[in-house]
There are 2 protein chains.
Amino acid sequence: MIDLSPVKQKFILHWGEMGTRWGINRTVAQIHALLYLSRKPLHAEEIARTLSVARSNVSTSLRELQNWGIVKVVHVLGDRRDHFESMKDVWEMFRKVLAERKKREIDPTLSLLRECLSEAQKEKSADADKDTQERLRELLGFFEAMTTCYEQVRHVPTGNVVKFVKLGDEVTRMLGITPR
Amino acid sequence: MIDLSPVKQKFILHWGEMGTRWGINRTVAQIHALLYLSRKPLHAEEIARTLSVARSNVSTSLRELQNWGIVKVVHVLGDRRDHFESMKDVWEMFRKVLAERKKREIDPTLSLLRECLSEAQKEKSADADKDTQERLRELLGFFEAMTTCYEQVRHVPTGNVVKFVKLGDEVTRMLGITPR
DNA sequence: CAGTTATTTCGGTAAGTTCAGAATCTAACA
DNA sequence: TGTTAGATTCTGAACTTACCGAAATAACTG
């Protein structure tokens, strides 16, 4: 951490904390922050030294970041060590994470809700739990809406994000769909 | 757990798992699932028994759910124990959580990024780290866009959510803002 | 106000996670 | 083909977080 400017330190620590709040391992998030801020790709040893964490820990964490699809291995001429760099396009990065979370958490939840609903219909005490069914159905509806929403957002190219957000603002205002 | 239908069990367990992935304590999420599915408000003792967790643990978790604003205390006539019920409107619940997460995580991140940027400008090695500044600025831009986005979504009444999502779909398609 | 029941707080313990270092594996290079 | 730098995996220790049960507190009843 000594090698880092105070600003970088501050950000990396914060990002680590935020990670834990969203179910991401602290070290994983810190490494991500470090790579995101780094001008050049770093090798594992360098990361371990900079953040004062074990080399092994870095290895595992990098693997995870690669699984999220936001960190990539690159090679530097004349150096046989792997170097790692983070995606720099924030929007693209966000989309990656969104896609991955959908795959890991939303999709399984959709399946589960559907299973539950079909099982609920077969159950003996069927009408006794009409209520549960209704609840599950509403939740399913919600996640389906989220999926639709995601499908739209997923294809907006980075350059258009701001435009897109502003547009949404206009439209909702015009149509008065959001009475306050 | 014995008192629960298989379907309820299944859902509660899943919801608990999903909770952990998003930084929510497993028990907290399970209690939330239980209350969400429950037709009538439950008292703490009942929750503890049903989920086989300690009474005290239930107490703490309920407090947390109340902090999120998605569980409320209600009183049952002729019973002096507190009873708890979950909000049933999924969309409303989602908005609550969104609002809370914004307050707890996004807003502090915005502040931090602004601090970092202003400190970065004062730093000695100022131009050496033009790059870092640029990265931070982009991240800030992203979170600002997210905030705008949130502000729109935040006022959509439950009845209009589906309409809203479909509308977004139409608009983006019409304008061809999302070329595939 | 004494007795009863519900709720919260707190200290210890169990469970889970993170981490360092050793052992193993892989591949570059002589 | 042997040597070595680098990457990965494994294991036990340290630390963190979640959880329980006991004790204290608060709320109610007669």
Side-chain angles (χ1 to χ4, degrees), chain A residues 1 12-35 40-68 71-85 104, chain B residues 1 12-13 15-35 40-68 71-85 104-105:
Chain A
M1 270 301 212
I12 289 169
L13 291 174
H14 179 85
W15 204 241
E17 282 325 299
M18 286 308 110
T20 63
R21 304 248 189 151
W22 290 81
I24 308 289
N25 177 293
R26 181 180 285 108
T27 312
V28 172
Q30 285 185 353
I31 292 179
H32 173 242
L34 174 64
L35 291 176
K40 60 183 208 308
L42 306 176
H43 59 261
E45 177 57 34
E46 211 169 347
I47 297 171
R49 201 162 20 79
T50 310
L51 298 179
S52 321
V53 297
R55 177 67 188 70
S56 52
N57 200 4
V58 172
S59 179
T60 321
S61 302
L62 283 170
R63 164 67 48 105
E64 189 159 345
L65 286 168
Q66 284 170 285
N67 288 340
W68 281 103
V71 161
K72 295 243 177 320
V73 184
V74 294
H75 287 281
V76 173
L77 220 71
D79 191 338
R80 57 203 191 75
R81 293 170 296 189
D82 287 355
H83 286 62
F84 300 87
E85 73 179 354
R104 295 185 196 182
Chain B
M1 267 309 210
I12 289 169
L13 291 174
W15 203 242
E17 281 326 298
M18 286 308 110
T20 63
R21 304 248 189 149
W22 289 81
I24 308 290
N25 176 293
R26 181 180 285 108
T27 313
V28 172
Q30 286 184 353
I31 293 179
H32 173 243
L34 175 64
L35 290 176
K40 58 182 209 309
L42 306 176
H43 60 260
E45 178 57 34
E46 212 169 346
I47 297 172
R49 201 161 20 80
T50 311
L51 299 179
S52 322
V53 296
R55 178 68 188 68
S56 53
N57 197 8
V58 172
S59 181
T60 321
S61 302
L62 282 170
R63 165 67 48 106
E64 189 159 345
L65 286 168
Q66 283 169 286
N67 288 341
W68 281 104
V71 161
K72 295 245 176 318
V73 185
V74 294
H75 287 283
V76 173
L77 220 71
D79 190 338
R80 57 206 192 71
R81 292 171 296 189
D82 286 355
H83 286 62
F84 300 87
E85 73 179 355
R104 297 185 195 182
E105 287 126 24

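Note on naming: letters A, B, ... go to the chains in the order of the sequence lines (proteins, then strands), and numbering restarts at 1 for each one.
- In this structure, the CG atom of B:Asp79 is 8 Å from the P atom of C:dA6, given to the nearest Å.
- Take the nearest nucleotide of DNA chain D for A:Thr60 and for A:Arg81: the residue whose nucleotide is more 5' is A:Arg81.
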Could you run through nucleotides 22-30 of chain C and give me one letter per nucleotide, 5' to 3': B if any protein heavy atom sits under 4.0 Å from the base, S if only the sugar-phosphate is that close, - if neither?
------S--
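- Remark: A:Val73 pairs with A:Gln66, A:His75, A:Asp82, A:Phe84 by the side chain to side chain contact (heavy atoms under 4.5 Å, CB included) rule, at least two apart or across chains.
- One can place NE2 of A:His83 at 14 Å from C1' of D:dA5, the figure rounded to the nearest angstrom.
- The shortest distance between the side-chain N/O atoms of A:Arg55 and the OP1/OP2 oxygens of D:dA7 is below 4.0 Å.
- Listed by chain and residue number, B:Asp79 satisfy the salt bridge (charged side-chain N to carboxylate O under 4.0 Å, His left out) test with B:Arg81 (two or more places apart in sequence, or in another chain).
- For the salt bridge (charged side-chain N to carboxylate O under 4.0 Å, His left out) test, residues two or more places apart in sequence or in another chain that qualify with A:Arg21 are B:Glu105.
- DNA chain C is contacted by B:Arg63 of residues 61-68 of chain B, taking any non-hydrogen atom closer than 4.0 Å.
- Shown here are the ring pair (Phe, Tyr, Trp, His ring centres under 6.0 Å) partners of A:His14, two or more places apart in sequence or in another chain: there are none.
- The interatomic distance linking B:Asp82 (CG) with C:dT5 (P) rounds to 17 Å, in whole Å.
- A distance of 9.0 Å separates OG1 of A:Thr50 from CD of A:Glu45, quoted to the nearest 0.5 Å.
- Residues satisfying the side chain to side chain donor-acceptor pair (under 3.5 Å) criterion with A:Glu17, sequence neighbours excluded, are A:Arg26.
- Between B:Ser59 and C:dT7 there is no side-chain N or O to OP1 or OP2 distance below 4.0 Å.
- Taking the side chain to side chain donor-acceptor pair (under 3.5 Å) definition, one finds that B:Trp15 meets it with B:His32, sequence neighbours left out.
- Here the P atom of nucleotide D:dC20 and the CZ atom of B:Arg49 are 15 Å apart, to the nearest Å.
- Atom P of nucleotide D:dT16 and atom CD of A:Glu17 are separated by 12 Å, given to the nearest angstrom.
- If you take NE2 of B:His75 and P of D:dA27, they are 11 Å apart, rounded to a whole angstrom.
- A straight line from CD1 of A:Ile47 to P of D:dT8 spans 11 Å, rounded to a whole angstrom.
- Of all heavy-atom pairs between B:Thr27 and B:Asn25, the closest is N-OD1, 2.7 Å.
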Identify each donor-acceptor pair in which a side-chain atom of residues 58-65 of chain B lies under 3.5 Å from a protein atom, sequence neighbours left out, and give them as a table.
unit_1, atom_1, unit_2, atom_2, d
B:Thr60, OG1, B:Ser56, O, 3.0
B:Ser61, OG, B:Asn57, O, 2.9

Using a cutoff of under 3.5 Å, can you pull out all pairs of nitrogen or oxygen atoms linking the protein to nucleotides 12-18 of chain C, with atom names and distances?
unit_1, atom_1, unit_2, atom_2, d
C:dT18, OP1, A:Asn25, ND2, 2.6
C:dT18, OP2, A:Asn25, ND2, 3.2
C:dT18, O5', A:Asn25, ND2, 3.1

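- When the side chain to side chain donor-acceptor pair (under 3.5 Å) test is applied to B:Arg104, the partners found at least two apart in sequence or on another chain are B:Glu100.
- For the pair A:Gln30 CD and C:dC19 C1', the computed distance is 13 Å after rounding to whole Å.
- Considering all non-hydrogen atoms of both residues, B:Gly16 and B:Ala29 come closest at CA-CB, 3.8 Å.
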